[in-house]
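First the structure, in the form of structure tokens, and then the observations on it.
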Amino acid sequence: EEDDAGNYDLALQHCMIAANMGCQVSLNCVKRMLMNCLATKADYAEALRGYQSATEEMQSSDRVEARKMLASYEARENSASSAA
């Protein structure tokens with residue numbers, strides 16, 4: 001929205017914040033802005049570091065265990081419905 005209005009500095013700020021929260025679309029936005037000379041290499045590097053940090057935080061052992069439990073539950077449900 002901001003980039004459509006020509007507010008590239010504000011658009012970059014928005015994308016940087018979202019990339020730091022783990023949004024891949026926003027990280028790609030910062031990359032496109034870099035390619036169009038609307039962001040610096042330092043901006044992209046900061047966004048990339050923030051993105052990586054956020055995605056690492058989201059990969060906790062509790063989440064992995066929860067995914068395993070959900071997959072096990074879904075497998076049991078699918079086999080039960082197939083048998084019926």
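The figures that follow rest on heavy atoms only: side chains count, while hydrogens, waters and symmetry mates do not. For reference, positions follow the sequence shown, starting with 1.
By the neighbour-count criterion of 12 heavy atoms within 6.0 Å, atom CG of N28 is densely surrounded, having more than that number from other residues, nucleotides or ligands. Counted within 6.0 Å of CE on M69, heavy atoms from surrounding residues, nucleotides or ligands total 12 or fewer; the atom is thus considered open. Enclosure of atom CD in Q24 is not indicated, since only 12 or fewer non-hydrogen atoms of other residues, nucleotides or ligands lie within 6.0 angstrom.
In plain terms, the two heavy atoms of L12 and A39 that are nearest each other are CD1-CB, 3.9 Å. Of all heavy-atom pairs between M58 and M21, the closest is CE-O, 4.2 Å. Heavy atoms only, all atoms of each residue included: A18 and S26 are closest at CB-OG, 3.1 Å.
Every side chain to side chain donor-acceptor pair (under 3.5 Å) that D43 has, sequence neighbours left out, goes to T40.
The distance from atom CG of L48 to atom CG of L34, rounded to the nearest 0.5 Å, is 11.5 Å. Summarising the geometry, atom CE belonging to M35 is positioned 8.5 Å from atom CZ belonging to R32; distances are rounded to the nearest 0.5 Å.
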_Test side chain to side chain contact (heavy atoms under 4.5 Å, CB included) on M33 and V30; report intermediate values, then the result._
CA-CA 5 Å; M33 292 181 85; V30 175; 5.5 Å; no
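Clustering ILVMFWY residues whenever any of their side-chain heavy atoms sit less than 4.5 angstrom apart, transitively, puts L38 in a cluster other than the one holding I17.
Checking side-chain atoms of S53 against main-chain N and O of R49 turns up no donor-acceptor pair under 3.5 Å. When atom types are taken as modelled, the side chain of S72 and the backbone of K68 share no donor-acceptor pair closer than 3.5 angstrom.
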